[in-house]
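Comments concern the structure below.
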Amino acid sequence: MDSSDRRTFIKSVTGAALVAAADLSAAGSSSVAASGSPVFLSTWKHGQPANERAAEVFRNGGSLLDAVEKGINVPENDPNVTSVGYGGLPNAEGEVELDAAIMDGTRHRAGAVCSLHSIKNPISVARLVLEKTRHTTLAGGGAFRFALEMGFQPEQLLTPQSLEAWLKWKATPNRPSFWLTAENHDTIGMVATDGRGHMVSGCSTSGLAWKLPGRVGDSPLVGCGVYADDNAGAASATGDGDLMTNYCTSVSIVHSMARGASPQEACEELLRHMAQTDPRNRQGDQICVIAMNPRGEIGAASMNAQFKLTYALWRDGESRLLEAPALY
Ligand code: GLY
C-alpha cells in the first residue's frame, strides 16, 4: 500500500468508525427523548393497584426503585393473588417458594432471590441484595438467612385457601404434576420510567402451582423475567417461565429496542421468534411480555388468544386496564 492509498484507507476506516459510533449512540442512547412524566406498566389485573401504589410512592418523593418495589409489595401482600407472595400456591410438597428480581437501568445492576420461603415480600429482599451486597442472586436457605439478617420476619405464607387447594390437588388421583404438565402461572411484572430517561424492571412470583421443590422460573433471572437499561428500555414477562427462560425474553426485547424497534415491535418480534423456532409455542403455551422505552412508549403482547394478557397502565394520573394483542 503506498502512502496515498494508506491515507485513503485510514480516512475511510476513521470515517466508518465515526459512522458506526454515531449509529450506536443514536440507537442506544438517551437521545431518545424522555416523556417528562412517570409511567408504570404491569402485568395482569393485580398490576393496577400495584401501579397506583408505585405512582403514589414516586409522587411522595421515593425513587423509581422504591416505587417499583413498593408497588409490587401490593400483590405480594394480597392473599387473594394466588401466584405472588402471601397466598401464592405452594410447590408439590406444600411449601410456598417465592422468586423475585429488580433491575436498575442506570447502574445496570439487579438483585434477585429464588426459592425463598417464609418471607412474603421477596421483591424487597431482592432490592436489598442489589443495595447491600456485591451479589446479584441469592437462593433458598441463603436467601432466607439473608432476609432474616436484614430484619424480615418469617411468616406462614400458606393461607387457608391455598392449603385447601394443595390438599385437594394432593388427593386427586392421577393429578397433573410437573414431571409432565403445568398450570397456574401469572406473576407480577412491572416496568417503569421516571419520565427523565431512568428505567426500572421488577418481577415477583410464587411460580407454578405444585412445582417441583427448588424449581426456578424466569421471574428472578436477570434477562428473563426482568431487564432494564436506561439507554434502551425495560421489559418483563409472565407465563410459562420454564419455557420463556430458554428465550431470555426480557433482554431480547430490550436489545430489539436498542436496535430501534418500538416496544410493541420488540415484544412481537420476540414472540414471533419463539413461534418460528418451535411451532408448538404458538398454541397452548402461556407466553406474555411487556416493555417500555425511555420515552414512556409501551408494548404488550400475548402469544395466543387462549392466554391473553390483561395489563395495567398508569400514566398522567390515569390508571387503566387494557388487553394485549395476541399473535396467534
Ligand atoms: N412466570 C412465572 C414462573 O413461571 O415462575
Side-chain angles (χ1 to χ4, degrees), residues 41-47 50 72 75-76 81-93 95-103 110 112-117 120 122-123 125-126 137 139-140 143 157 162 166 176-191 201-227 234-253 267 270-271 274 281 284-291 300-304 306-311 324:
L41 170 68
S42 294
T43 56
W44 306 113
K45 249 171 98 174
H46 52 238
I72 289 177
E76 286 181 337
V81 179
T82 59
S83 60
V84 182
Y86 175 61
L89 291 170
N91 66 19
E93 291 176 357
E95 185 168 33
V96 181
E97 287 183 324
L98 303 177
D99 299 330
I102 189 163
M103 184 159 183
V113 289
C114 313
S115 301
L116 176 64
H117 64 86
K120 75 174 171 191
I123 195 76
V125 184
T137 310
L157 300 183
S162 61
W166 178 74
S177 80
F178 282 98
W179 298 107
L180 298 169
T181 56
E183 63 178 85
N184 180 63
H185 12 108
D186 25 61
T187 301
I188 172 118
M190 183 185 289
V191 293
S201 176
C203 197
S204 181
T205 189
S206 51
L208 302 178
W210 335 135
K211 63 191 175 185
L212 299 178
R215 175 265 188 190
V216 174
D218 60 325
S219 304
L221 303 180
V222 178
C224 298
V226 294
Y227 203 73
S236 187
T238 178
D240 182 345
D242 290 305
L243 176 63
M244 289 190 294
T245 293
N246 296 292
Y247 290 88
C248 298
T249 46
S250 294
V251 70
S252 301
I253 291 169
C267 288
L270 183 267
L271 297 190
M274 291 180 73
N281 292 338
D285 275 314
Q286 306 183 352
I287 302 167
C288 307
V289 289
I290 57 172
S302 316
M303 179 66 92
N304 63 56
Q306 283 81 56
F307 190 74
K308 255 191 164 178
L309 174 67
T310 299
Y311 65 93

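Computed from heavy atoms alone, side chains included, the values below leave out hydrogens, waters and symmetry copies. Both ligands and their constituent atoms are indexed starting at 1 by order of listing.
Looking at G217 next to ligand 1, no N or O pair under 3.5 Å apart turns up. On a distance-only criterion, T205 and ligand 1 share no N/O pair closer than 3.5 Å. Of the polar atoms of D242, none of the N or O atoms is found under 3.5 Å from an N or O of ligand 1, judged by distance alone. Below 3.5 Å of separation, one finds an N or O of G239 facing an N or O of ligand 1.
Applying the 4.0 Å criterion to heavy atoms of D218 picks out, from ligand 1, the atoms 1 (N), 2 (C), 3 (C), 4 (O). Of all the atoms in ligand 1, the ones that sit under 4.0 Å from a non-hydrogen atom of G207 are 5 (O). Ligand-side atoms of ligand 1 in range of S219: 1 (N), 2 (C), range being under 4.0 angstrom from any heavy atom. Here is the list of ligand 1 atoms found below 4.0 Å of a heavy atom in T187: 1 (N), 2 (C).
At a threshold of 4.0 Å, the pair D242-K211 does not count as salt-bridged, since none of the basic side-chain nitrogens sits closer than that to a carboxylate oxygen.
In terms of heavy atoms, I290 sits closest to A300 at CG2-CB, 4.1 Å. Taking both residues in full, the closest heavy atoms of I188 and S42 are given as CD1-CB, 4.1 Å, listed atom of the first, atom of the second, then distance.
Under a 4.0 Å heavy-atom criterion, R215 is in contact with ligand 1.
Between W210 and P90, some side-chain heavy-atom pair lies under the 4.5 Å cut-off. At a threshold of 4.5 Å between non-hydrogen side-chain atoms, the residues H117 and L157 do not count as touching. Put simply, the side chain of P122 reaches to within 4.5 Å of the side chain of E76, judged on heavy atoms.
Not counting sequence neighbours, the partners of T205 by the side chain to side chain donor-acceptor pair (under 3.5 Å) test are T187.
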